[in-house]
There are 2 protein chains.
Amino acid sequence: MYHVIRCSGRKGYQRKKYRQDVLFGHSGPAERYKYDSVIMSEPDSSPTTLAPKTNRGELTRQKILDAAEREIGQKGFAEASVSAITAEAAVAQGTFYLYFRNKEDVLRELVLRMGRRLRRHLTLAIADANSRLEAERAGLLAFLEFARANPNLYRVVEESQFVDPSVYHRYYDDFARNYRSALIAAEGTGEIRPGNAEIRAWALMGLAVMLGHRYGIWDTSVPLKPIADAAFDMIAVGLERRDER
Amino acid sequence: MYHVIRCSGRKGYQRKKYRQDVLFGHSGPAERYKYDSVIMSEPDSSPTTLAPKTNRGELTRQKILDAAEREIGQKGFAEASVSAITAEAAVAQGTFYLYFRNKEDVLRELVLRMGRRLRRHLTLAIADANSRLEAERAGLLAFLEFARANPNLYRVVEESQFVDPSVYHRYYDDFARNYRSALIAAEGTGEIRPGNAEIRAWALMGLAVMLGHRYGIWDTSVPLKPIADAAFDMIAVGLERRDER
DNA sequence: TATCAACATGACACTTGATTCATGTATCAT
DNA sequence: ATGATACATGAATCAAGTGTCATGTTGATA
């Protein structure tokens with residue numbers, strides 16, 4: 001014996017404001033939702049009630065994530081609606097909220113995904129470089145190739161800057177930290193000239209990001225190898241004319 | 001003798017979709033709204049009916065633009081509402097639509113404003129450099145200073161990428177073109193090593209943009225001179241260790 | 001001081017789309 | 001089978017703004 005009334009008494013419906021201060025107004029602990037742990041590691045350990053507990057659930061979650069990557073990557077965060085994402089994923093709207101608290105949440109997750117995939121890609125590409133400079137050249141090329149192959153993820157990361165600056169910063173900070181260490185190590189072995197590794201790391205990232213945008217996303221026709229080589233040449237040798245002698 | 005009826009018969013209300021294909025669905029000529037002409041020049045010559053025709057109008061327009069710069073710069077495009085902008089500008093909501101067709105329009109205008117101001121700033125900063133490399137160093141520092149002094153405009157430009165990719169591209173393309181010319185000229189005089197000027201230009205812009213974000217916007221406390229110097233050192237001399245003798 | 005563009009106002013009609021929730025369906029251990 | 005738990009559904013709700021328009025107000029010009 002049950003009631004046939006559907007969706008009548010609402011209750012505390014209250015739209016959350018996107019971004020800024022009171023990001024997730026109510027739940028205190030949710031604030032730390034897996035950031036500190038997962039960003040550098042592989043497996044997903046979610047402390048909230050949102051993580052799927054079965055294989056079926058994980059599959060659905062991935063379907064939604066994939067759909068979101070395409071939708072947000074192509075239309076942008078604002079234009080990509082949850083309904084479009086769920087339609088694309090072939091699940092009901094409500095299913096979305098089984099795995100994500102809101103649209104921001106998927107975006108955050110996608111930034112992490114990008115971080116993991118890119119890191120893996122770069123690690124492989126650099127694996128058999130014999131020097132830092134060689135790694136630099138290979139890494140740059142690999143980055144450009146990754147950008148061209150994953151324009152959606154690429155855009156998602158850039159857009160995260162405006163949706164949740166903190167993930168965006170964390171994303172770059174992570175890469176910067178690693179980069180910096182690598183440069184310092186290379187200084188130590190005398191492979192490169194001593195210099196400010198921190199600033200060099202950010203400068204090199206910026207260089208890669210812009211070229212990735214310009215030649216990976218924007219202009220997808222030109223071959224990437226010459227681009228990487230030309231940029232590498234500047235990085236390695238500098239603009240200054242070397243005196244003949 | 002007039003009627004007291006207010007706002008009754010609506011009519012063809014029809015929300016426009018932001019961005020993409022049918023950017024401004026109805027009016028054909030509006031499509032070309034001043035892009036080709038104004039982007040590089042100073043004065044505002046607007047072919048539509050939106051341009052103010054009196055001094056009073058121009059003043060109001062500027063008030064709105066200033067308010068929009070702050071609102072969009074701080075809250076981001078999505079969060080910045082037209083009503084908040086007009087409130088900040090101390091004008092009525094309807095006044096907004098006297099000068100701009102929609103929120104996108106102001107953003108576009110702000111990107112142009114950024115372009116003009118930055119160009120002027122850089123031109124002045126570079127004015128008395130005696131070589132391309134000196135100009136490079138001075139320009140980089142000036143850029144970082146500009147970014148730190150104009151965080152709102154800086155963010156607006158970055159966000160334009162997702163609101164109207166074409167203005168964003170035009171913005172960078174303009175700078176790239178100039179930059180490229182300067183590099184080619186410097187090659188000609190033997191001030192710098194020959195190389196791919198196009199790619200160098202984009203690489204250098206990317207480097208500046210990232211450092212501007214990192215040390216101009218994100219971390220506003222560190223002094224900028226050392227940053228510019230360190231980055232310049234890498235640009236000029238390169239990472240490669242120079243063999244002694 | 002009459003006239004008329006240009007400028008300004010602000011209430012509100014109208015959409016959009018995020019989020020919730022009452023209800024259903026798989027799946028699996030016992 | 002039974003029950004429990006996880007997963008899934010999608011119609012309904014409702015806050016948030018955008019863009020419009022009927023009506024005032026300014027101020028320059030004749």
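Labels below follow one simple rule: chain letters A, B, ... track the order of the sequence lines, proteins then strands, and each chain is numbered from 1.
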Expressed as a whole number of angstroms, how long is the span from [X]:[atom1] to [N]:[atom2]?
{"X": "A:E104", "N": "C:dT19", "atom1": "CD", "atom2": "P", "value": "9 Å"}
{"X": "A:L107", "N": "C:dA18", "atom1": "CG", "atom2": "P", "value": "13 Å"}
{"X": "A:D105", "N": "C:dA18", "atom1": "CG", "atom2": "P", "value": "14 Å"}
{"X": "A:I72", "N": "C:dA18", "atom1": "CD1", "atom2": "C1'", "value": "13 Å"}
{"X": "B:R101", "N": "D:dT20", "atom1": "CZ", "atom2": "P", "value": "12 Å"}
{"X": "A:F96", "N": "C:dT19", "atom1": "CZ", "atom2": "P", "value": "8 Å"}
{"X": "A:L50", "N": "C:dT20", "atom1": "CG", "atom2": "P", "value": "11 Å"}
{"X": "A:Q93", "N": "C:dT16", "atom1": "CD", "atom2": "P", "value": "14 Å"}

*Taking NZ, NE, NH1 and NH2 as the nitrogens, is one of them in B:R155 or B:E159 under 4.0 Å from a carboxylate oxygen of the other?*
no

*For DNA chain D, the residues among residues 63-71 of chain A that have a non-hydrogen atom under 4.0 Å from it*: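 Listed by number, there are none.
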
Applying side-chain hydrogen bond (donor to acceptor under 3.5 Å, both in side chains), name anything that partners [X], two or more places apart in sequence or on another chain.
{"X": "B:S83", "result": "B:S81"}
{"X": "A:E71", "result": "A:K75"}
{"X": "A:R113", "result": "A:Q62, A:D66, A:E69"}
{"X": "B:N150", "result": "none"}

*Applying salt bridge (charged side-chain N to carboxylate O under 4.0 Å, His left out), which residue pairs with at least one partner in residues 81-100 of chain A are found, sequence neighbours left out?*
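Passing the test, one end in residues 81-100 of chain A: A:R70-A:E88.
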
*If a protein heavy atom is under 4.0 Å from the base, mark B; if only from the sugar-phosphate, S; if neither, -; do that for nucleotides 2-8 of chain D going 5' to 3'.*
----SSB

_Partner set under ring-ring contact (aromatic ring centres under 6.0 Å, His included) for B:Y168, not counting sequence neighbours_ =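 Scan of B:Y168 (ring-ring contact (aromatic ring centres under 6.0 Å, His included), adjacent residues dropped) gives A:H213, B:Y172.
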
*Only counting residues at least two apart or in another chain, list the ones meeting salt bridge (charged side-chain N to carboxylate O under 4.0 Å, His left out) with A:R200.*
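Partners of A:R200 by the salt bridge (charged side-chain N to carboxylate O under 4.0 Å, His left out) criterion, ordered by chain and then number, come out as B:D233.
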
*Any idea how A:F146 and A:H121 line up, ring-wise: parallel (<30°), tilted (30 to 60°), or perpendicular (>60°)?*
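Tilted: the ring planes of A:F146 and A:H121 meet at 30° to 60°.
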
